[in-house]
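Structure first, then comments.
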Amino acid sequence: MWCSHMALRRLQRIAVAPLNAAGGLTSKVQREMSTLPRVYVTRQIPPEGLKILKESGQVQFELWDSDDPVPRKELLQKVKGVDGLLCVLTEKIDAELLDAAGPNLKVLSTMSVGFDHLSLEELKKRGIRVGYTPDVLTDAVAELTVALLLTTSRRLIEATHEAKIGGWGTWRTLWLCGHELANSTVGIFGLGRIGVAIAERLAPFKVKKFIYTDMAPRPELASAINAEFVSFDELAKQSDFLAVCCALTPETKEICNKNLFSKMKNTSIFINTSRGGVVNQEDLYEALSTGQIAGAGLDVTVPEPLPTSHPLFTLKNCVILPHIASASYTTRNAMSSLAANNLLLGLRGQPMIKELKL
């Protein structure tokens, strides 16, 4: 597939600048480089993407060389006059930033599958093309979702804690009992490639039935996992395990709220690896603390990072991860490669590998 690591590598156009005897760039090369499109990279992205930019010979780029986000004030200064911008999901790309960049900015490439940090209307109005990085993280996110589901439903964090603090005493009949996947109904909210990949990984656990809700039925994807399309209310009522895989949009903002949780079984497990904004966290806390649902596993929250004083951290039946669903070496390098190639192709006026249609 095009999104494989090797396929992305083949997209590189390697053009290493010639060096003089002293190891520096020749004056001719320096003059040529000064005419290349200017690019700002807002983060120390994984090495494969940086290598593509360096070896392309097509851009001159400046990098915020840190694993922490670039300060907003610094970002607004650095984007002035750039032709291209490669960002990650921590950067808010809004009217203020686009005004600061100016009319030269023609291409934006985000190293993320989500795009709720981008003001799409502003980008469209200014004719700026947008690349993003879906598909290459499907396997990693699906794996993490399954891991989080099992960790939550079988109470592994609680169990580890009890073993560490000496709570592991004599064998007890119902101590640390959880909920099995076998013969269960798994619900998926937002059936895309990731939702399908999650279901494919859960099927060997002898899941009885897969159901899903989306903006409309998706029969082609659903057929791969033999999933049944149901209403949002039925998804809540029937699911023993509910995995949220939808995008964050105005329609899905805080859609997982008291209305959803009140309809779920008190044995149900709620899992969110999409975006924190789709959940009303106060309502989730209420549902978990009163036993309205059995447990929740979250890889995403609002805000991120979630303050350590947040009430959700006080609950034993809530497992919270620091947004690591795509955090595998293979996936993050593939994402950076795709983001770099999207940027280069866009600057050449060619179709990007993955481009948002604005």
(request) Show your working on side chain to side chain contact (heavy atoms under 4.5 Å, CB included) between Leu105 and Val79 and close with a plain yes or no. (result) CA-CA 9 Å; Leu105 182 59; Val79 298; over 6 Å; no
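Donor-acceptor pairing under 3.5 Å is lacking for the side chains of Thr185 and Gln238. A donor and an acceptor atom, one from each side chain of Thr290 and Gln292, are nowhere located under 3.5 Å apart. Of the N and O atoms on the side chains of Thr252 and Arg275, not one donor lies less than 3.5 Å from an acceptor on the other residue. Between the side chains of Ser112 and Thr110, at least one donor N or O sits under 3.5 Å from an acceptor N or O.
Atom CZ of Phe270 sits about 9.0 Å away from atom CG of Leu288, to the nearest 0.5 Å.
Surrounding CD of Gln350 are more than 12 heavy atoms belonging to other residues, nucleotides or ligands, all under 6.0 Å away. Atom CD of Glu121 has 12 or fewer heavy atoms from other residues, nucleotides or ligands within 6.0 Å. Under a cut-off of 6.0 angstrom, the local environment of NZ in Lys258 is sparse, with at most 12 non-hydrogen atoms contributed by other residues, nucleotides or ligands.
Using a cutoff of 4.0 Å between basic side-chain nitrogens and carboxylate oxygens, Arg72 and Asp94 are scored as salt-bridged. Using a 4.0 Å cut-off between a side-chain N of Lys or Arg and a carboxylate O of Asp or Glu, Asp240 and Lys209 do not qualify as a salt bridge.
Partner of Lys354 under the side chain to side chain donor-acceptor pair (under 3.5 Å) criterion, out of Asn342, Asp135, Thr133: Asp135 alone.
The backbone N or O of Thr301 lies less than 3.5 Å from no partner atom in the side chain of Gln281, so there is not a single donor-acceptor pair.
Phe229 pairs by the ring-ring contact (aromatic ring centres under 6.0 Å, His included) definition with Tyr212, not counting sequence neighbours.
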